[in-house]
Protein chains: 2
Amino acid sequence: MSKQPKYRQVADALRREIVNGAFDRDRRLPSESELSARFDASRNTVRSGLALLVSEGLITSSQGLGYEVRSQEVFELNASRFENLEFPQNGDAYNTDVTNAGRRPHQTFRVEMLPAPEEVADRLKIEKGSKAVLRFCHRYVDDMPWSTQATYYPAWLIEESPRLAEPGDIEEGTTRYLAARGIEQIGYFDEIATRMPTPEEARLLEVGAGVPVLLWTRTGYSGDRPIRCTITTFRGDLNRMNYEIGELAGRNENT
Amino acid sequence: MSKQPKYRQVADALRREIVNGAFDRDRRLPSESELSARFDASRNTVRSGLALLVSEGLITSSQGLGYEVRSQEVFELNASRFENLEFPQNGDAYNTDVTNAGRRPHQTFRVEMLPAPEEVADRLKIEKGSKAVLRFCHRYVDDMPWSTQATYYPAWLIEESPRLAEPGDIEEGTTRYLAARGIEQIGYFDEIATRMPTPEEARLLEVGAGVPVLLWTRTGYSGDRPIRCTITTFRGDLNRMNYEIGELAGRNENT
DNA sequence: TTGCTCAACTTGTTGGTACAAGCTGTTGCG
DNA sequence: CGCAACAGCTTGTACCAACAAGTTGAGCAA
């Protein structure tokens, strides 16, 4: 029973009340000065405790408004279904999923050519710094930023399939377009990781402190050759990826 | 070009230097008082900036020692291989993976019976608060905490397969033991999520601020019935999950 | 009623001070 | 030589003060 610093006692007490649902009616927490009086601590000390809870992702703060318990609503991503689908750069799966969930999808899209980032060059087995085409999606659900998706194609593939480098949608989907040109995607290599967002990611996804991002990197292969690398960043607080494996089709519509 | 607060300017400048590799030799950062002089800011302001970088997972701090750039070493988890494996409660896959990577595996293990947590009860389709058997692993790599794995079995399954509730390993593996008793696992439902660790998780995994956890929840089915629910928490800074899908076997030994 | 101003609240930023606590190398005693 | 004590560095905790900036509702004027 070692003595904890006061700011940790504040954080622990508030955390206990939060998980016990003490603030479930209106999710507002007492103000810093109220807490300061209640815990007989200075405003700075209370702020340290609250900052801890913010960095744990338990609460948020807004200037002028106060602190709020963060809501826990998550959006399910059926990732295994993507396996059997021509991976749609025009966002078919995303549109369908979001609409089915009763939400409103919205996305912006752009195409550019640029030197491949190192982690992309490694996966595409091309020279570090060599050119690649980036097709980039910024996706929203109910006007809330949801994910960013960056798909890189190596330059050699563009020579054979020039429409990839043109701005605008490819109506039939990029996978079908590539297949029609003899490039068939036979498998994926998926990597899933998590970390705190970079400032750039925090800006695009409008996440505050205490919210990690979920990184999904899918490298698609045609024969031995990697033909594309898709890096998707999801808000960690609002997304969960699901995989169904084995004879389970349709058994898990709940949760 | 809106004016940023001074502590953000400090954080931005240091972040830029860190990603450019300015501290790559010894990973030590200048001390707070040095930075205070360099940026013409008070120690408190510099500390705010550094706290930001800590919460981004970019640096760590230790009392008496200073701030260090966090190392980026990650450990690859081949998750798709788990699909075709009797899921070993005795840690066969873990032991093999870690040993093959030239690391030293170590784990502690315990068994207990307790009321199922709500999220487990939901997945096992049992009454909230009803009893379940928990088989719990705490895994280390080179004496560093790596993951915790909690597998819950519903009480009805224990009546048919009592050894699950006994402490100690089941040598042939729980999946084989269950299969021998007529309970065959035909599929999984995987969920992958991320969030900041609870204080309990931070203690078990010895992670500091700015490191999220990767949550892997696997529900195993025998026919319609869920027979177990495994919740694994990984340190987000040291782990990455890989799935190989399609005709790719063995093509990705690098990275 | 409508719309504006402003007071009164909220958190955010920046400065200051003091001391506690952890680490390391030096010093000097035995 | 061996080792304990200490000085001098580091970050951690806790307090105080003042002002900036965002939000809301009261209240007044048109």
Side-chain angles (χ1 to χ4, degrees), chain A residues 1-15 18 23 26-70 199 202-203 206-211, chain B residues 1-14 18 23 26-70 199 202-203 206-210:
Chain A
M1 301 304 151
S2 66
K3 191 184 174 299
Q4 286 259 329
K6 199 184 268 191
Y7 79 98
R8 281 192 184 276
Q9 297 176 25
V10 171
D12 291 343
L14 291 174
R15 188 188 303 110
I18 289 168
F23 305 108
D26 65 339
R27 309 206 311 281
R28 268 296 274 293
L29 262 63
S31 75
E32 290 176 353
S33 45
E34 286 177 83
L35 293 172
S36 173
R38 170 180 154 192
F39 289 106
D40 189 30
S42 75
R43 189 184 154 216
N44 278 343
T45 301
V46 169
R47 278 178 68 82
S48 295
L50 290 165
L52 208 58
L53 299 180
V54 168
S55 77
E56 290 175 14
L58 221 59
I59 62 176
T60 61
S61 70
S62 351
Q63 190 170 356
L65 285 172
Y67 292 82
E68 265 197 1
V69 177
R70 203 194 288 274
R203 191 179 60 78
E206 289 177 24
V207 291
V211 178
Chain B
M1 302 304 150
S2 66
K3 191 186 173 301
Q4 288 258 331
K6 199 183 271 191
Y7 78 98
R8 281 191 183 277
Q9 298 177 24
V10 172
D12 291 344
L14 292 175
I18 289 169
F23 306 108
D26 64 340
R27 308 206 310 281
R28 272 289 281 293
L29 262 64
S31 75
E32 291 177 351
S33 46
E34 286 178 81
L35 293 172
S36 174
R38 170 179 156 193
F39 289 105
D40 189 29
S42 75
R43 189 182 156 218
N44 279 342
T45 301
V46 169
R47 278 178 67 82
S48 296
L50 290 165
L52 207 59
L53 299 181
V54 168
S55 78
E56 290 174 13
L58 222 58
I59 62 175
T60 60
S61 71
S62 353
Q63 190 169 355
L65 285 173
Y67 291 82
E68 266 198 0
V69 177
R70 203 194 288 276
R203 192 179 59 78
E206 289 177 24
V207 290

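Chain letters run A, B, ... following the sequence lines, proteins first and then strands; every chain starts at 1. This structure is a prediction, so every number in the text was calculated from the model and none was measured. Below, each value reflects all heavy atoms present in this structure, side chains not excepted, and no hydrogens, waters or symmetry copies.
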Rounded to whole Å, how long is the line connecting atom [atom1] of [X] with atom [atom2] of [N]?
| X | N | atom1 | atom2 | value |
| --- | --- | --- | --- | --- |
| B/Arg47 | D/dT13 | CZ | C1' | 8 Å |
| B/Ile59 | D/dT10 | CD1 | P | 15 Å |
| B/Leu50 | C/dT14 | CG | P | 14 Å |
| A/Glu32 | D/dG22 | CD | P | 16 Å |
| B/Gln4 | D/dA21 | CD | P | 14 Å |
| A/Phe39 | D/dT13 | CZ | P | 17 Å |
| A/Glu34 | C/dC9 | CD | C1' | 11 Å |
| B/Gln9 | C/dT14 | CD | C1' | 12 Å |

Among the candidates [options], find the nucleotide nearest to the side-chain atoms of [X].
| X | options | result |
| --- | --- | --- |
| A/Lys6 | D/dC15, C/dC23, D/dT11 | D/dC15 |
| B/Tyr67 | D/dT11, D/dA14, C/dG15 | D/dT11 |
| A/Gln63 | C/dG16, D/dA21, D/dT13 | D/dA21 |
| B/Ser42 | C/dT13, C/dG15, C/dT10 | C/dG15 |
| B/Leu65 | C/dC23, C/dT11, D/dC15 | C/dC23 |

Quick one: is [X] getting a side-chain N or O under 4.0 Å of the [N] phosphate, OP1 or OP2?
| X | N | value |
| --- | --- | --- |
| B/Ser62 | D/dT11 | no |
| A/Arg43 | D/dC16 | no |
| B/Thr45 | C/dT14 | no |
| A/Ser33 | C/dT10 | yes |
| A/Ser61 | C/dG12 | yes |

Open item on the list: Less than 4.5 Å apart, side chain to side chain, heavy atoms only: is that true for A/Val10 and A/Leu35?
Closed with: no
Open item on the list: Over all strands shown, is A/Ser48 touching base, sugar-phosphate only, or nothing at heavy-atom distances under 4.0 angstrom?
Closed with: nothing
TODO: With A/Leu50 as reference, evaluate A/Leu58, A/Leu14, A/Thr45 under the side-chain contact (heavy atoms from CB on, under 4.5 Å) test and give the passing residue.
DONE: A/Leu14
Rounded to the nearest 0.5 Å, what's the gap from [atom1] on [X] to [atom2] on [Y]? Could you check?
| X | Y | atom1 | atom2 | result |
| --- | --- | --- | --- | --- |
| B/Arg70 | B/Ser61 | CZ | OG | 9.5 Å |
| B/Leu53 | B/Asp12 | CG | CG | 8.5 Å |
| B/Ser36 | B/Asn44 | OG | CG | 9.5 Å |

Task: Qualifying residue, where the test is side chain to side chain donor-acceptor pair (under 3.5 Å) with A/Tyr67 and the options are A/Arg27, A/Arg28, A/Glu32 - done: A/Glu32
Task: Nearest-nucleotide comparison on DNA chain D, the residue closer to the 5′ end among B/Gly64 and A/Pro5 - done: B/Gly64
Task: Side chain A/Arg8 and base D/dG12 donor-acceptor under 3.5 Å - done: no
